[in-house]
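This one's a predicted model, so the numbers in the text were calculated from it and none came from an experiment.
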Amino acid sequence: MGTVGQTYKNGALRVSIRGGLVLLATAALASGCARPAATDVPRQRPLQAPPAPAAELQADKTLIRAARLRAEQTRGALARRWGLKRVPLTAPPAPVTKPRITTRDGFEVDGHEEKGLPPVFTTIPTDQKIVFLTVDDGAEKDPAFLRMTSELRIPYTAFLSDYLIKDDYGYFRKMRDRGVALDNHTLHHPYLPGLSYARQKREICGMQDVIEKQYGKRPALFRPPYGNYNEDTLRAARSCGIRYAPIWNEEVFADHWEYREWDRRIRPGDIVLSHFRGRADGKSTMTDMVRRFLDKVTAEGYAVARLEDYL
């Protein structure tokens with residue numbers, strides 16, 4: 001059985017009146033029988049709202065432009081407040097038809113697709129200049145990170161391990177209430193290929209139970225710790241209700257980036273890894289990490305999209 005590992009990680013109302021025939025009966029005075037006489041009622045045209053005056057239409061357009069300008073000004077002020085060099089770009093609407101997700105070449109286990117195992121991938125297939133931010137583990141619980149991502153409307157996905165979040169489940173409940181997807185990163189963050197199938201299943205299914213109990217929903221996404229897995233890992237994940245196993249193509253820290261590709265370039269659809277880390281692990285904060293991430297992707301013309309919208 002092979003093991004797969006990674007090389008790095010830390011309108012208007014319309015009314016219609018139908019024309020018809022009004023039948024008038026005339027009484028038969030002598031014979032006792034009646035002969036109906038029909039009178040045609042002219043067909044009336046459907047009622048329509050009168051066209052809006054040109055001045056009213058122009059006023060509406062002016063109001064819309066003013067609202068957009070205020071929104072841009074607010075977003076610009078927030079970007080400056082959080083120390084960004086540029087205003088983050090807005091992601092396009094989520095696709096109506098989701099892309100087909102398959103395992104990246106070289107990341108398969110034996111019989112991966114034939115056995116219906118969750119696909120392992122580093123990039124979402126798209127031509128749009130979007131990337132996806134993911135945050136792992138759960139050690140640092142920085143309120144400023146919640147404020148920054150909420151105010152700037154930056155979507156991200158969290159992959160959580162219970163041993164790091166159980167001292168403050170409430171922090172991640174606030175995250176969930178802001179629309180963040182909370183996904184599975186095992187109970188204790190072990191090196192999964194070194195465990196038996198049964199122990200791997202306990203780590204993955206156990207974390208499914210924790211997230212469902214604390215946050216009301218069992219995840220469909222699972223990220224193996226360190227990006228390492230084997231066939232047992234994916235079999236266990238599937239048995240626990242996991243449908244996808246996204247890993248990453250770049251990793252961002254507060255002071256640098258690391259890349260999977262040889263040319264050290266971001267590509268459309270790339271999944272970016274980061275961690276819940278703060279001053280306890282160095283001199284930087286989570287907001288420093290988000291700032292470095294946004295400055296680079298925005299400068300290169302990328303917007304940040306929500307991973308779950310493409311799955």
Is the charged tip of Arg264 near the ring of Tyr259: under 6.0 Å from the six-membered ring centre and within 45° of its axis?
->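 Checked: cation-pi criterion not met.
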Could you give me the CA-CA distance, side-chain angles and deciding distance for Thr285 and Arg279, then say whether side chain to side chain donor-acceptor pair (under 3.5 Å) is met?
-> CA-CA 6 Å; Thr285 65; Arg279 294 196 185 280; 5.2 Å; no
Search all heavy atoms of [X] against all heavy atoms of [Y] and return the closest pair with its distance.
{"X": "Thr298", "Y": "Val87", "answer": "CG2-O, 3.4 Å"}
{"X": "Pro246", "Y": "Ile271", "answer": "CB-CD1, 4.0 Å"}
{"X": "Pro155", "Y": "Leu133", "answer": "O-CB, 4.1 Å"}
{"X": "Leu195", "Y": "Pro190", "answer": "CD1-CG, 3.9 Å"}
{"X": "Glu308", "Y": "Ala181", "answer": "OE2-CB, 3.2 Å"}
{"X": "Arg267", "Y": "Asp270", "answer": "N-OD2, 2.9 Å"}

Same hydrophobic cluster for [X] and [Y], using side-chain heavy-atom links shorter than 4.5 Å among ILVMFWY?
{"X": "Ile204", "Y": "Leu182", "answer": "no"}
{"X": "Met148", "Y": "Val131", "answer": "yes"}
{"X": "Leu89", "Y": "Leu307", "answer": "no"}

Between [X] and [Y], does any side-chain donor sit less than 3.5 Å from a side-chain acceptor?
{"X": "Arg260", "Y": "Thr122", "value": "no"}
{"X": "Ser161", "Y": "Asp137", "value": "no"}
{"X": "Glu258", "Y": "His256", "value": "yes"}
{"X": "Asp183", "Y": "Tyr244", "value": "no"}
{"X": "Trp257", "Y": "Glu251", "value": "no"}
{"X": "Asn249", "Y": "Arg104", "value": "yes"}

Whether [Y] and [X] form a salt bridge (side-chain N of Lys/Arg under 4.0 Å from carboxylate O of Asp/Glu) is what I want to check.
{"X": "Lys98", "Y": "Asp309", "result": "no"}
{"X": "Glu203", "Y": "Arg199", "result": "no"}
{"X": "Glu231", "Y": "Lys115", "result": "yes"}
{"X": "Arg235", "Y": "Asp232", "result": "yes"}

Please enumerate all residues that pass ring pair (Phe, Tyr, Trp, His ring centres under 6.0 Å) together with [X], with sequence neighbours excluded.
{"X": "Tyr302", "result": "none"}
{"X": "Phe172", "result": "Phe276"}
{"X": "Tyr310", "result": "Phe132"}

Going by heavy atoms in the side chains, are Leu192 and Thr186 under 4.5 Å from each other?
-> yes
Is the count of non-hydrogen atoms from other residues, nucleotides or ligands lying under 6.0 Å from Asp177 atom CG greater than 12?
-> yes
Is there a donor-acceptor pair under 3.5 Å between the side chain of Thr90 and the backbone N or O of Ala303?
->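 The answer is no, because no donor-acceptor pair under 3.5 Å joins these two groups.
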Compile the donor-acceptor pairs under 3.5 Å between side chains in residues 138-146 and protein atoms, sequence neighbours left out, one pair per line.
| unit_1 | atom_1 | unit_2 | atom_2 | d |
| --- | --- | --- | --- | --- |
| Lys141 | NZ | Gly138 | O | 3.0 |
| Lys141 | NZ | Ala139 | O | 3.0 |
| Lys141 | NZ | Leu164 | O | 2.8 |
| Lys141 | NZ | Asp167 | OD1 | 3.2 |
| Asp142 | OD1 | Ala144 | N | 2.9 |

Contacts of Arg100 that satisfy salt bridge (charged side-chain N to carboxylate O under 4.0 Å, His left out) - sequence neighbours left out |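 Result, salt bridge (charged side-chain N to carboxylate O under 4.0 Å, His left out) vs Arg100: Glu113.
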Can Tyr169 and Asp162 be said to form a side chain to side chain donor-acceptor pair (under 3.5 Å), step by step?
-> CA-CA 9 Å; Tyr169 287 130; Asp162 189 51; 2.6 Å; yes
Nearest 0.5 Å, what's the NE2-OG1 distance between His112 and Thr103?
->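 So the gap between those two atoms works out to 3.0 Å.
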Please name all residues satisfying side-chain hydrogen bond (donor to acceptor under 3.5 Å, both in side chains) with Arg176, sequence neighbours left out, ordered by chain then number.
-> none
